[in-house]
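Keep in mind that the numbers below use all heavy atoms, side chains included, and drop hydrogens, waters and symmetry copies. Naming: A, B, ... by sequence-line order, numbering from 1 per chain. Model, not experiment: these values are computed from the prediction.
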Amino acid sequence: MPELPEVEITRLGLKSLINYKVSEVVIRNSSLRWPVDRSLHKILIGRKLISLKRRGKYILAEFPNGTLIIHLGMSGHLCIVSKDREIMKHDHVDIVFDNVSHKIVRYNDPRRFGCILWTEKNPLKHKLLDNLGPEPLSSDFDVDYFFQKLRKKTASIKNTIMNSHVVVGVGNIYASEALFHAKIRPQREAHKVSMTEANNLVLAIKETIKNAILKGGSSINNFFDVNGKNGYFQNEHQVYGRKDKPCILCKNPIQQIILGQRSSFYCKKCQQ
DNA sequence: CTGTTCTCCTGTGGGC
DNA sequence: TGCCCACAGGAGAACA
């Protein structure tokens, strides 16, 4: 479910909890991708949430004694709920703030590919985050950097932009979308992409992600923000999920192929 | 090192 | 209606 825009919207939605103290942690099911520390309540109770940052698709919740590293995986959601909210299936973890009944952060994740990890060190040096590529919206992600990376890659351009060591935050939906905007076929070998095309792709990735954040994220299979509000970006997908439907630009049917086990969509006329 | 495949898990939708 | 199968937004691990 969540690509970078959805994670960013989730992070922004949680900011209302900054400066509140944790009063309770409930772990109903600790078996996420990696086990949730069962002593998290001892670590967190009485600690004030200092900041909420993001690196790639990881949300970093900073406390005085360390940081929670949260990833939503494929199907994770964070919601702010009140005490009387009924417990749903797959509501695995609650973090209650300030003993206020309406300030509970609830983690729900049917597939349990997400994670909630505690670190007392610099989270950016955590092994999951240490070798990540640049943020797509930062100035570090520019054509000079990107083209140098592409020259060394024989993998497909789509797999390359989805590689978090090249650039973070480009998931399966936005990879297809960005390649459509840059008019590059997803299966092209990365090192055969020209400087001009690389430049177009950098701009397309930035635009696609920026636009999706503005629109509140994609709501495919019910993404919703921390207050339960839907995003609208799914209404703007040009190729993703549009197999056999007419291309927005030339009316030719959109193709679907599998690259790296993932569905990829493109227009064979507009993308070369 | 690189690129590819496998893996975790549940839910959903299509075909029969 | 139920059953079975394919597939789903991530990404580290294992492997060649």
Review item, nucleotides 2-4 of chain B N/O atoms under 3.5 Å of protein N/O:
unit_1 : atom_1 : unit_2   : atom_2 : d
B/dG3  : OP1    : A/Thr154 : N      : 2.7
B/dG3  : OP1    : A/Thr154 : OG1    : 3.4
B/dG3  : OP1    : A/Ala155 : N      : 3.3
B/dG3  : OP2    : A/Lys153 : NZ     : 3.3

Write down the protein N/O and nucleotide N/O pairs, taken from nucleotides 11-14 of chain C, whose separation is under 3.5 Å; answer none if there are no such pairs.
unit_1 : atom_1 : unit_2  : atom_2 : d
C/dA11 : OP1    : A/His71 : NE2    : 2.4
C/dA11 : OP2    : A/Lys57 : NZ     : 3.1
C/dG12 : OP1    : A/Tyr58 : OH     : 3.1
C/dG12 : O4'    : A/Arg33 : NH2    : 2.9

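If you chain together hydrophobic residues whose side chains sit under 4.5 Å apart, A/Val168 and A/Leu124 fall into the same group. Under the 4.5 Å side-chain heavy-atom criterion for Ile, Leu, Val, Met, Phe, Trp and Tyr, A/Ile43 and A/Ile59 are members of the same hydrophobic cluster.
Looking only at atom types and distance, the side chain of A/Asn172 has a donor-acceptor partner in the side chain of A/Lys158 under 3.5 Å away. Inspection of the A/Ser156 and A/Arg188 side chains reveals no N or O donor paired with an N or O acceptor under 3.5 Å. Looking only at atom types and distance, the side chain of A/Asp109 has a donor-acceptor partner in the side chain of A/Ser75 under 3.5 Å away.
Taking atom C1' on both B/dT12 and C/dA11, the two are 23 Å apart, rounded to the nearest angstrom.
Applying the 3.5 Å distance criterion, the base of B/dC9 shares a donor-acceptor pair with the side chain of A/Arg111.
For A/Arg112, the listed nucleotide lying nearest its side chain is B/dT10; candidates were B/dT10, C/dG9, C/dA8.
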Only pairs under 3.5 Å count here: list side-chain donor-acceptor contacts from residues 246-257 of chain A, not counting sequence neighbours, and write none if there are none.
unit_1   : atom_1 : unit_2   : atom_2 : d
A/Gln255 : NE2    : A/Pro253 : O      : 3.0
A/Gln256 : NE2    : A/Ser263 : OG     : 2.8

Under 3.5 Å, which donor-acceptor pairs do the side chains of residues 134-144 of chain A form with other protein atoms, sequence neighbours left out?
unit_1   : atom_1 : unit_2   : atom_2 : d
A/Glu135 : OE1    : A/Arg54  : NH1    : 2.9
A/Glu135 : OE1    : A/Arg54  : NH2    : 3.3
A/Glu135 : OE2    : A/Arg55  : NH1    : 2.9
A/Glu135 : OE2    : A/Gly56  : N      : 2.7
A/Ser138 : OG     : A/Glu135 : O      : 2.9
A/Ser138 : OG     : A/Asp140 : N      : 3.3
A/Asp142 : OD1    : A/Asp144 : N      : 3.3
A/Asp142 : OD1    : A/Tyr145 : N      : 2.9

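Pairs of Watson-Crick or G-U wobble type, with distances under 3.5 Å, assemble into runs of 3 or more in DNA chain B at these ranges: B:2-8 with C:10-16, B:10-16 with C:2-8.
Residues in residues 252-272 of chain A take part in these ring pair (Phe, Tyr, Trp, His ring centres under 6.0 Å) pairs, two or more places apart or across chains: A/Tyr240-A/Phe265.
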